[in-house]
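Residue numbers start from 1 in every chain, and the chains themselves are labelled A, B, ... in the order their sequence lines are given, proteins ahead of strands.
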Amino acid sequence: MSTDPKLLDDLTARGLIQDTTDRQALADRLAEGPVTVYYGVDPTAPSLHVGNLIGLLTLRRFQQAGHRPVPLAGGATGMIGDPSGKSSERNLLGDDDLQANLAGIVPVLRQFLDFDEGENPAKLLDNRAWTVSLSILDFLRDVGKHVTINQMVAKESVKNRMAGDDGISFTEFSYMLLQAHDFLWLFEHERCEMQIGGSDQWGNISLGVDLIRRRTGAKAHGLTWPLLLQKDGSKYGKTAGGETIWLDAELMSPYRFYQAWIQVEDDELRKLLLWLTFLSTAEIDELVASHAEAPHRRVGQRRLASELTELVHGADAAAAAADASAAIFGGPVAQLDTMTFEMLADEVPTTRFDRSRLDDPDNLVSLLVDASIASSRSEAGRLLGQNGIAVNDVKVDLGVTIERSSLYHDRFCLVRKGKKSVFLLEFVDGD
RNA sequence: GGGUCGGUGCCCGAGUGGCCAAAGGGAUCGGACUGUAAAUCCGACGGCUUCGCCUACGUAGGUUCAAAUCCUACUCGGCCCA
């Protein structure tokens, strides 16, 4: 099977290459034929999030170019905690949590990678498989012997932590050896010649490359991309509101996922389109240019949001998220029909109440709290006082009551908090 | 094990007996301006039955009219010594 010779150039054009091992050797090897390439994810959270997005997309780019992707779940390394990019020691996760997290990431992987493709199917591996049975003596002899402490201490991630107040535990210090061992194992058992990761992984990746060379004399390859950072320099991964952007529909609905990208600022658009979509660089240039002509139409954000939502959640979910957004931000809510409201109820945070709540006078504050629109009665009062709540598009004050006549289609009531957050209240008959 | 410094609200960080629900900054949330953008400005930012009350400054006790501030024990973390 032949491979796409333009892969490296495309990644370069997108600005997705931060560091590589010997660039020419890598280009030659990729041109020669399919390469097995791995990207490791530690299951430290119940699902994957934006932080893993570039990795998944890059694996996909490799697969589309004819290479063989290996997503590696860090069932073993997840128990240790990678100090890279962390300023303080991690809490160790228990076995049960890890297993549950692992189960959570598999479906997401399937969205991105083809595991059934004839010639170069993706293969999911878990480093527990070869790590749990590893004896400490073997480990020290086969891995530790080939690495000097000097080398390890020189790594950026370790240096930072040694300079800090909290120090670094031996456990986390050892993390890079386990990762290097993974690479070696994959090289020997899966003919995996390449590891990719975010730039914070560079130290760990190059250590693995070195280990492979010392143990086998062979040349392995590494590639990292720049980290996706927010303006303040912190890792990307949260919405403006500080909510983690999950890739699992259970943890973040497609609508909210879509909204997270719709709200992206103009300055970030080009970069995000290049890094996170499969649109060609030419298409992106065009899109960014037309966006600049009429920024208020937000064509750039719309495209980014729908491309990404489709990638992560599928075409149907992406269309539904776009429809819901159009209904909510497009015009007067009063004009929406029952079907649209029912559709919205699936997309927007919706709370169901018994109709009897409508009979309480002055029920607004308690409804806001019960629907988790405000976290306390004090906050609800504050929001109302600051003109932050609109019921059915009308700003309301303290003391307002939601009654039967306020409902649309005798069931729904739409509450806005601020400009961007929308909630639906649904009133139904009690049992 | 010894010594030493420290543990304050979402985070950083002031405060060393009353004027402390606790300075300042960041984050966040509302408002104005806009384009569901950025920048800027304004306001809020423990809870409640809100002119008052309750809960909070590592944990548990104690001294005092009064403690985040003093004392005791415990606990956790940094650093130094062994």
Side-chain angles (χ1 to χ4, degrees), chain A residues 86-91 160-172 229-245 255-273 287-288 290-306 308-309 321-333 344 347-349 360-366 368-370 372-391 393-399 414-423:
Chain A
K86 299 283 185 310
S87 55
S88 57
E89 187 84 7
R90 289 232 208 130
N91 294 322
N160 292 342
R161 288 280 292 280
M162 304 248 301
D165 281 345
D166 299 328
I168 179 169
S169 71
F170 180 72
T171 303
E172 284 194 19
L229 297 176
Q230 307 188 101
K231 267 201 166 161
D232 63 4
S234 63
K235 279 194 187 179
Y236 212 95
K238 311 274 179 150
T239 62
E243 192 182 9
T244 302
I245 304 178
Y255 166 78
R256 282 187 298 150
F257 182 84
Y258 180 92
Q259 280 293 315
W261 300 107
I262 278 284
Q263 289 165 7
V264 142
E265 58 192 81
D266 291 2
D267 292 349
E268 303 277 290
L269 255 182
R270 189 186 156 75
K271 184 177 82 180
L272 292 172
L273 286 164
L287 184 57
V288 170
S290 76
H291 175 81
E293 271 170 39
H296 58 279
R297 294 180 51 214
R298 308 178 77 81
V299 287
Q301 281 91 341
R302 273 180 229 287
R303 190 66 188 276
L304 174 68
S306 55
L308 254 179
T309 308
D323 287 349
S325 300
I328 291 165
F329 293 99
V333 178
L344 284 181
E347 304 290 332
V348 171
D360 299 339
D362 202 10
N363 58 8
L364 187 53
V365 168
S366 57
L368 290 177
V369 173
D370 292 343
S372 302
I373 296 169
S375 61
S376 67
R377 300 179 64 85
S378 298
E379 198 197 328
R382 246 179 259 131
L383 276 169
L384 289 164
Q386 291 179 139
N387 215 18
I389 297 289
V391 173
D393 285 340
V394 180
K395 293 277 185 186
V396 292
D397 284 326
L398 214 54
L414 187 127
V415 179
R416 288 180 199 269
K417 174 184 155 229
K419 214 164 32 163
K420 301 174 189 170
S421 307
V422 175
F423 304 83

Student: Any base atoms under 4.0 Å from A:Glu379, or only sugar-phosphate, or nothing? Heavy atoms, all strands.
Tutor: nothing
Student: Should B:C53 form a Watson-Crick or G-U wobble pair with both distances under 3.5 Å, which nucleotide is its partner?
Tutor: B:G47
Student: Rounded to whole Å, please give me the gap between CG in A:Leu398 and C1' in B:U50.
Tutor: 11 Å
Student: In whole angstrom, give the distance that lies between atom CD1 of A:Ile389 and atom P of B:A44.
Tutor: 18 Å
Student: Tell me what A:Ser376 touches on the nucleic acid: a base, only sugar-phosphate, or nothing, going by heavy atoms under 4.0 Å.
Tutor: sugar-phosphate
Student: Select base, sugar-phosphate, or nothing to describe what A:Arg377 touches, counting heavy atoms under 4.0 Å on all strands.
Tutor: sugar-phosphate
Student: Specify the closest pair of heavy atoms between A:Phe329 and A:Lys420, including all atoms of both residues, with the distance to one decimal.
Tutor: CZ-O, 3.8 Å
Student: Side chain of A:Lys419, heavy atoms from C-beta onward: which of B:A38, B:G35, B:U36 has the nearest atom to it?
Tutor: B:U36
Student: Does the side chain of A:Arg382 get closer than 4.0 angstrom to OP1 or OP2 of B:G47 through an N or O atom?
Tutor: yes
Student: Taking atom P in both B:U63 and B:A22, what distance in whole Å separates the two?
Tutor: 28 Å
Student: If we take the C1' atom in both B:A14 and B:G7, what is their distance in whole Å?
Tutor: 15 Å
Student: Would you kindly give the CG-to-P distance between A:Asp266 and B:A39, to the nearest whole Å?
Tutor: 11 Å
Student: Nearest of B:U36, B:G35, B:G30 to any side-chain atom of A:His296?
Tutor: B:G35
Student: Are any side-chain N or O atoms of A:Lys395 and backbone N or O atoms of A:Asn387, one a donor and one an acceptor, separated by less than 3.5 Å?
Tutor: yes
Student: Taking only side-chain nitrogens and oxygens of A:Lys395, does any of them come within less than 4.0 Å of OP1 or OP2 of B:A32?
Tutor: no
Student: Could you tell me whether the side chain of A:Gln301 has a donor or acceptor atom within less than 3.5 Å of a complementary atom in the base of B:U36?
Tutor: no
Student: Give A:Asn387 one of three labels, base, sugar-phosphate or nothing, depending on what nucleic acid heavy atoms sit under 4.0 Å from its own.
Tutor: sugar-phosphate
Student: Using the P atoms only, state how far B:U72 lies from B:G6, rounded to an integer number of Å.
Tutor: 15 Å
Student: Are any side-chain N or O atoms of A:Asp393 and backbone N or O atoms of A:Pro332, one a donor and one an acceptor, separated by less than 3.5 Å?
Tutor: no
Student: Which whole-number value in Å describes the distance from A:Lys417 NZ to B:U28 P?
Tutor: 13 Å
Student: Assess whether one donor atom and one acceptor atom, taken from the side chain of A:Gln386 and the base of B:G43, lie less than 3.5 Å apart.
Tutor: yes
Student: Rounded to the nearest angstrom, tell me the gap between atom CG in A:Leu269 and atom P in B:A37.
Tutor: 13 Å
Student: At what distance, to the nearest 0.5 angstrom, does CD of A:Glu347 lie from OH of A:Tyr258?
Tutor: 11.0 Å
Student: Does A:His291 offer a backbone N or O that forms a donor-acceptor pair with the side chain of A:Arg298 under 3.5 Å?
Tutor: no
Student: What is the distance, rounded to the nearest whole Å, between atom OH of A:Tyr255 and atom P of B:U36?
Tutor: 13 Å
Student: For A:Arg298, answer base if it contacts any base atom (sugar-phosphate contacts may also be present), sugar-phosphate if it contacts only those atoms, and nothing otherwise; contact means non-hydrogen atoms under 4.0 Å.
Tutor: base
Student: Please list each protein N or O that sits under 3.5 Å from an N or O in nucleotides 9-11 of chain B, with the distance.
Tutor:
none

Student: Return the minimal non-hydrogen interatomic distance between A:Val422 and A:Val348, and the atom names on each side.
Tutor: O-CG1, 3.0 Å
Student: Between A:Pro295 and A:Ser421, just flag the one whose closest nucleotide in RNA chain B comes earlier from the 5' side.
Tutor: A:Ser421
Student: Could you tell me the Watson-Crick or G-U partner of B:C79, where both distances fall under 3.5 Å? Say none if there is no partner.
Tutor: B:G3
Student: Is the backbone of A:Ala374 close enough, under 3.5 Å, to the side chain of A:Glu379 for a donor and an acceptor to pair up by distance?
Tutor: no
Student: For B:U69, give its Watson-Crick or G-U wobble partner with both distances under 3.5 Å, or none.
Tutor: none
Student: What is the pairing partner of B:C74, taking Watson-Crick or G-U wobble pairs with both distances under 3.5 Å in any strand?
Tutor: B:G58
Student: Is a donor on one side and an acceptor on the other found under 3.5 Å between the side chain of A:Arg416 and the backbone of A:Ile328?
Tutor: yes
Student: Please state the P separation for the pair B:C70 and B:U16 - nearest whole angstrom.
Tutor: 9 Å
Student: Could you report the tightest heavy-atom contact between A:Gly300 and A:Leu287, atom names first, then the distance?
Tutor: CA-CG, 4.4 Å
Student: Using atom P of each nucleotide, how far apart are B:A27 and B:C12 to the nearest Å?
Tutor: 15 Å
Student: Would you mind telling me which of B:U36, B:G30, B:U34 lies closest to the side-chain atoms of A:Ile262?
Tutor: B:U36
Student: Taking B:A32 as the reference, what is the distance to B:G77 when you measure between their C1' atoms (whole Å, please)?
Tutor: 46 Å
Student: Give me the distance, rounded to whole Å, that separates B:U4 from B:G9 when you measure between the P atoms they each carry.
Tutor: 26 Å
Student: Which whole-number value in Å describes the distance from A:Asp267 CG to B:A39 P?
Tutor: 9 Å
Student: Rounding to the closest angstrom, what is the interatomic distance between B:U49 and B:G15 at atom C1'?
Tutor: 33 Å
Student: Could you tell me how far apart A:Lys271 (NZ) and B:A37 (P) are, to the nearest whole angstrom?
Tutor: 19 Å
Student: In Watson-Crick or G-U wobble terms, both distances under 3.5 Å, what is the partner of B:C19?
Tutor: none
Student: Minimum heavy-atom separation for A:Lys417 to A:Ile373, with atom names?
Tutor: CD-O, 3.6 Å
Student: Starting at the 5' end of RNA chain B, which residue's closest nucleotide do you reach first, A:Val369 or A:Gly418?
Tutor: A:Gly418
Student: Quick check for you: among B:A37, B:C48, B:G35, whose closest atom lies nearest to any side-chain atom of A:Ser378?
Tutor: B:C48
Student: Should B:A32 form a Watson-Crick or G-U wobble pair with both distances under 3.5 Å, which nucleotide is its partner?
Tutor: B:U40
